[in-house]
Amino acid sequence: MKCVRCKGKGIIYLKRHNAAFCQDCFLYYYNNQVKKNIKRHKMFDKKDKILVVISGGKDSMALWHILASEGYNVTGMYINLGIGQYSDKSQQVVESFAQKNGLELIVKDIKKEYGLDIYKLSKLLKRSTCSICGSIKRYLFNKVAYDGGFSAVATGHNLDDEAATLLGNVLSWEEGYLARQSPVLESTHPKLVKKVKPLYTLTERENLFYVLINKIEFLHDECPHAIGARSILYKEVLNRLEEESPGTKQRFITSFLEKGRRHFQDVQEKLELKECSICGQVTTTEVCSFCRFVRLSNQNTEN
Ligand code: FES
Ligand code: ZN
């Protein structure tokens, strides 16, 4: 196995590109992909302040590392969601990386700061912990980015994540989600910050290679609530297709972005955006779901 770029000894073979790379040329390929994605979709530039969402897993750690090494103005943001050992371990990993590399990090603890407990809320509202957790995360990413004057929120979504989400949305023809699935979600309100996914063309395996080569510590465990999630099944199905026909995932995403997505634009829900009467953040209801969660959690502890 020879490296396609320098003809040295290849250490990673990327079936979908029918190409092997040595360590240095793999890093060159990886950097190039990220730079191209940022440029092609006009995600941000060196003058922008970027908030990078960090979970402690390989994808977000790779994103944080590459953006910082490329000289972007990045600040990490970690949310402790109170998911037992998983949250404690991931916070440690993230804090130690920031400290070792002199990187800025904002940490939010939903229990300590807001009295929120995703398990209690899930029981009271009869909603899954993942959906409660998702609403809290989306709210805090945007709030912290808006209050801190950031130009964009960057997440570590990879090609496998994007293809699995797309498959899920196609299977039930979720028109609203299909209209919004994109590596860049532009702001539609002055208080909503743009969202970007610079790693959307790189696979989980490539991100893993990137963190291993750069000796970046990361949390190997997945969130315990991810077990049994539909997205994992979609990933397995897509992996099977990828094995038979390398490049399937990339084709699925790129052809959707080039040819499919535009057909859903006119069905984008025209929801009226308001500002929450308590916190002022963007919502479609009088009081946003985050403020309702806070109110509910605190009422419940008082009773
Ligand atoms: Fe939110 Fe797992 S990270 S429930
Ligand atoms: Zn609110």
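Whatever order the structure lists ligands and atoms in, that order sets their numbers, starting from 1. What you see is a predicted model; the values in this text were computed from it and never measured.
- Panel detail: atom 1 (Fe) of ligand 1 has protein N, O or S atoms under 2.8 Å away, 1 in number.
- The SG atom of Cys291 and the SG atom of Cys276 meet at the Zn ion (ligand 2) at an angle of about 110°, given to 10°.
- The residues Glu244 and Arg240 are annotated as salt-bridged, a charged nitrogen and a carboxylate oxygen being separated by less than 4.0 angstrom.
- Considering Thr201, Asn239, Thr254, Thr203 in turn, Asn239 is the only one that fulfils the side-chain hydrogen bond (donor to acceptor under 3.5 Å, both in side chains) rule with Lys249.
- Checking Tyr30 against Asn207 by side-chain atom types alone, a donor-acceptor pair falls below 3.5 Å.
- In this structure, Lys108 forms no cation-pi arrangement with Tyr78, as its terminal cationic atom is not both closer than 6.0 Å to the ring centre and no more than 45° off the ring axis.
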Test Leu192 against Glu186 for side chain to side chain contact (heavy atoms under 4.5 Å, CB included), laying out the working first.
CA-CA 9 Å; Leu192 287 179; Glu186 292 292 348; over 6 Å; no

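- A tilted orientation is assigned to the rings of Phe97 and Trp64, their planes being inclined by 30° to 60°.
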